[in-house]
Participant: 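Take a look at the following structure, please.
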Number of protein chains: 2
Amino acid sequence: MGTVTITDVARTADVSAATVSRVLNNPDGVSPELRQRVIEAIDALGYRPNSSARSLRTRATRVLGVIVSDVTNPFFTSMVRGVEDVAQKSGYSVMLANTDEDLAKEQRYLQVFAAEQIAGVVLSPASATDTHIDVLSSRGIPAVTFDRRLRTADVDRVTINNRRAAEQATEHLIEQGCRRIAFISGPPGISTSSERLAGYHAGLRRAGLPVEPGLVSDGGFRVVSGHEAALRLLAQDPRPDGMLVANNLMTVGAVDALDDLALRVPADLALVGFDDLSWALNARSRITTVDQPTYEIGVRAAELLLGRVQGERSPTRRITLPATLTVRDSSRRLPVSGGQPVS
Amino acid sequence: MGTVTITDVARTADVSAATVSRVLNNPDGVSPELRQRVIEAIDALGYRPNSSARSLRTRATRVLGVIVSDVTNPFFTSMVRGVEDVAQKSGYSVMLANTDEDLAKEQRYLQVFAAEQIAGVVLSPASATDTHIDVLSSRGIPAVTFDRRLRTADVDRVTINNRRAAEQATEHLIEQGCRRIAFISGPPGISTSSERLAGYHAGLRRAGLPVEPGLVSDGGFRVVSGHEAALRLLAQDPRPDGMLVANNLMTVGAVDALDDLALRVPADLALVGFDDLSWALNARSRITTVDQPTYEIGVRAAELLLGRVQGERSPTRRITLPATLTVRDSSRRLPVSGGQPVS
DNA sequence: ATGAAAGCGCTAACAC
DNA sequence: GTGTTAGCGCTTTCAT
């Protein structure tokens, strides 16, 4: 009952270990009869290849690394599940790391992954410019970014069109009659932050509205920072009549701030957030959101990555998935119809 | 610039590979001078041990497996972070798996982990009785459960006192004047479900209130099921005047249901939930909750597990961490003071 | 198409 | 205290 090795299988099937190995890795190179015998022996013995030995020999593991900036945010974990499902179907495991938007942590995990000879990495980088994925590329380990992109490295990525999504959200607010639209941005240096900010600006410009820096406040993509930013923005006179928030957690904080100030949505202020909020107390709040296909983002990222892992050499791929502006009560001041596609 | 191996280090430091290995694994067995030279060589060359080779040799990885029943629930991911932080400090990586409360998935991951010769596993089992951790124990791989426990296996665990927590929450509702207290339970077969249900019953009994089966509804630990269960329970006549909900996501759903029915909290119904809700839109809803020390649960579980991994042979350890009933607006019908410890 | 043999990088006996 | 040696389980030339 000790470990069953490839030699045991070979002996049972009365073939060499090499043949067993071939059956496992390149079934076509073995005659049907032998293949059959080997498979039976494997089943009979309950043989499972030792992944350490395999990795040692091939210099590659069957593990994918996933680095997200906040594991406690369902937005990211939903993407991770997409990665996980695809990976598992292909016989890969997933190793998850959390960076808390901390560049040093990200770097450390990248190094760990490289040292572990991980097959490939999917990540949502904590910075669009200060990245250290070169520790991967220098070892030939492929990487794919999801949700965010890297400006300083040429890497596959799967994102939504953040600029356009923010622009449409802004336009929607303007259509609803808003004229002073505040924007709670993400931390500077992250692609989604700058792109969504750019989209917000574009939306204002297109409508001939002034771009007022005082209407923008940086948040940290977390509940508290959204709360603080909203309080800051809403203290202004004249008060904003619309607000766009760059991620889900900050939207939660912003709603809290509105409650603090006893402001009614959408009467006093029309609100639009990013990302699904169905895990939050929102059925009644009915917040209008830019919904991203999170699970599918993960799926596509994993597919891209596995392609690279398996040696695909095509030029850098950039997948842009559609986001949808789902209009709900929080921004509805005029009679409007349901969801409208973005990008 | 290919991979730096232990032989390279040995040559540079002018010692044998065995000495380098000793410096790495058992520094005291090497004279200070040699140790120094080896360390310098390691730094100079940027040597990182090949974990596959090491695992192949030692028949053990430096990886911990973590199996949770819902990765998108911040309650679990917060615990995972506790595990992660402890693991990393000890040079272990973490492999995360998600089961969706699906026993088959759990079993599959357990098998994968066993095959990967993972060092140890922390899990929140999807069933208190139907478990397959014997695939671990039969290979000498230690396991620790967190949040939940296993009735049919003798395993280390770290939990709160769920029975007592639910009992105190129930007593609190009774103190606030509730007489018909509904309970939204978790899925049957999970220890937290049955223990919290037992606590709810105990609370009622202690106050001389009748235990009415019609006031209990099973939910699936998710938002929708909480919503459905609440609608079911609130359709009764006479309507419940209090409600206890067995986890965070279901509480979110229950709040939605209350809104659906235009019921006010706490006037029409006093509400108490389990687990932190600060990531949800609750600053204003101000839901009274039984708060668990999630991060610390993860920390303690990891410490326990690492102890076992390192050969600790003590009898089964059961760590019970304190939970706190944090009274907020949703259940406050009488003037009451702040938080009170539970268990 | 199949087998024999070498070796991936490391650790653990065993000698000295 | 240190070096030598063997071998973990697998894949991959290289013969045949």
Side-chain angles (χ1 to χ4, degrees), chain A residues 2-39 41-42 45-63 91 114-119 139-140 310-311, chain B residues 1-39 41-42 45-63 91 114-117 119 139-140 310-311:
Chain A
T3 337
V4 179
T5 76
I6 201 170
T7 333
D8 301 327
V9 176
R11 196 175 321 123
T12 305
D14 198 29
V15 296
S16 74
T19 300
V20 179
S21 176
R22 286 189 192 103
V23 171
L24 258 32
N25 302 300
N26 179 21
D28 298 338
V30 180
S31 71
E33 312 93 84
L34 283 200
R35 198 190 314 148
Q36 186 53 32
R37 255 164 50 204
V38 169
I39 289 170
I42 287 175
L45 270 50
Y47 167 71
R48 312 279 275 124
N50 179 314
S51 53
S52 303
R54 180 177 268 176
S55 300
L56 176 58
R57 190 55 235 243
T58 60
R59 307 170 159 291
T61 58
R62 289 195 145 255
V63 178
E116 297 267 352
Q117 298 180 102
I118 221 155
R139 303 190 193 214
Q310 280 145 28
Chain B
M1 86 127 285
T3 338
V4 180
T5 76
I6 200 170
T7 334
D8 300 327
V9 176
R11 196 175 322 122
T12 305
D14 198 29
V15 297
S16 73
T19 300
V20 178
S21 176
R22 285 188 193 105
V23 170
L24 258 30
N25 301 300
N26 179 21
D28 297 337
V30 181
S31 71
E33 312 94 84
L34 283 200
R35 196 191 315 147
Q36 186 53 31
R37 255 164 51 204
V38 169
I39 290 170
I42 288 176
L45 271 49
Y47 167 71
R48 312 280 274 125
N50 179 314
S51 53
S52 303
R54 180 178 268 176
S55 301
L56 176 58
R57 190 55 237 242
T58 59
R59 305 170 160 292
T61 59
R62 290 195 142 253
V63 178
E116 297 267 352
Q117 298 181 101
R139 302 189 193 215
Q310 279 143 29

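Atom set for the values below is all heavy atoms of this structure, side chains included, hydrogens, waters and symmetry mates excluded. Every chain is numbered from 1, with letters handed out A, B, ... down the list of sequences. These numbers come from a predicted model, not from an experiment.
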Participant: Given atom CD1 of B/I6 and atom P of C/dA12, what is their separation to the nearest angstrom?
Facilitator: 11 Å
Participant: Quick check on the helix from C/dA1-D/dT16 to C/dC16-D/dG1: what's the angle between its two end axes, five base pairs per end, to the nearest 10°?
Facilitator: 30°
Participant: Between A/R54 and D/dT11, is there a side-chain N or O to OP1/OP2 distance below 4.0 Å?
Facilitator: yes
Participant: If each of A/S51 and B/G29 is mapped to the nucleotide of DNA chain D with the nearest heavy atom, which maps nearer the 5' terminus, i.e. the 5' end?
Facilitator: B/G29
Participant: Rounded to the nearest angstrom, tell me the gap between atom CD in A/Q117 and atom P in C/dG9.
Facilitator: 9 Å
Participant: Which heavy atom in B/R54 sits nearest to a heavy atom in B/R62, and how many Å separate them?
Facilitator: NH1-CD, 4.2 Å
Participant: So which heavy atom on A/N50 is nearest to which on A/A53, and how close?
Facilitator: OD1-N, 3.0 Å
Participant: Could you report the tightest heavy-atom contact between A/S16 and A/A10, atom names first, then the distance?
Facilitator: C-CB, 3.6 Å
Participant: Measure the spacing between CD of B/E33 and CZ of B/R35 and express it to the nearest 0.5 Å.
Facilitator: 9.0 Å
Participant: Are a donor atom and an acceptor atom from the side chains of B/S51 and A/E116 found within less than 3.5 Å of each other?
Facilitator: yes
Participant: For the CG atom of A/L45 and the OG1 atom of A/T5, what is their distance to the nearest 0.5 Å?
Facilitator: 9.0 Å
Participant: Could you pick out which residue, B/Y47 or A/P32, lies toward the 5' side of DNA chain C when each is mapped onto its nearest nucleotide?
Facilitator: A/P32
Participant: Please identify which of these residues, B/V38, B/L24, B/T12, B/D8, meets the side-chain contact (heavy atoms from CB on, under 4.5 Å) condition with B/Y47.
Facilitator: B/L24
Participant: Enumerate the residues from residues 8-27 of chain A whose closest heavy atom to DNA chain C is under 4.0 Å, giving them by residue number; use none for an empty result.
Facilitator: A/V15, A/S16, A/A18, A/T19, A/R22
Participant: Under 3.5 Å, is there a donor-acceptor pair between the A/S55 and A/S52 side chains?
Facilitator: no
Participant: Looking at C/dT2, I'd like to know if its phosphate oxygens (OP1 or OP2) sit under 4.0 Å from a side-chain N or O belonging to A/S31.
Facilitator: yes
Participant: Please tell me which of the listed nucleotides, C/dG7, C/dC10, C/dG9, lies nearest to the side chain of A/R57?
Facilitator: C/dG7
Participant: Send over the distance from A/L56 CG to D/dC8 C1', rounded to a whole Å.
Facilitator: 9 Å
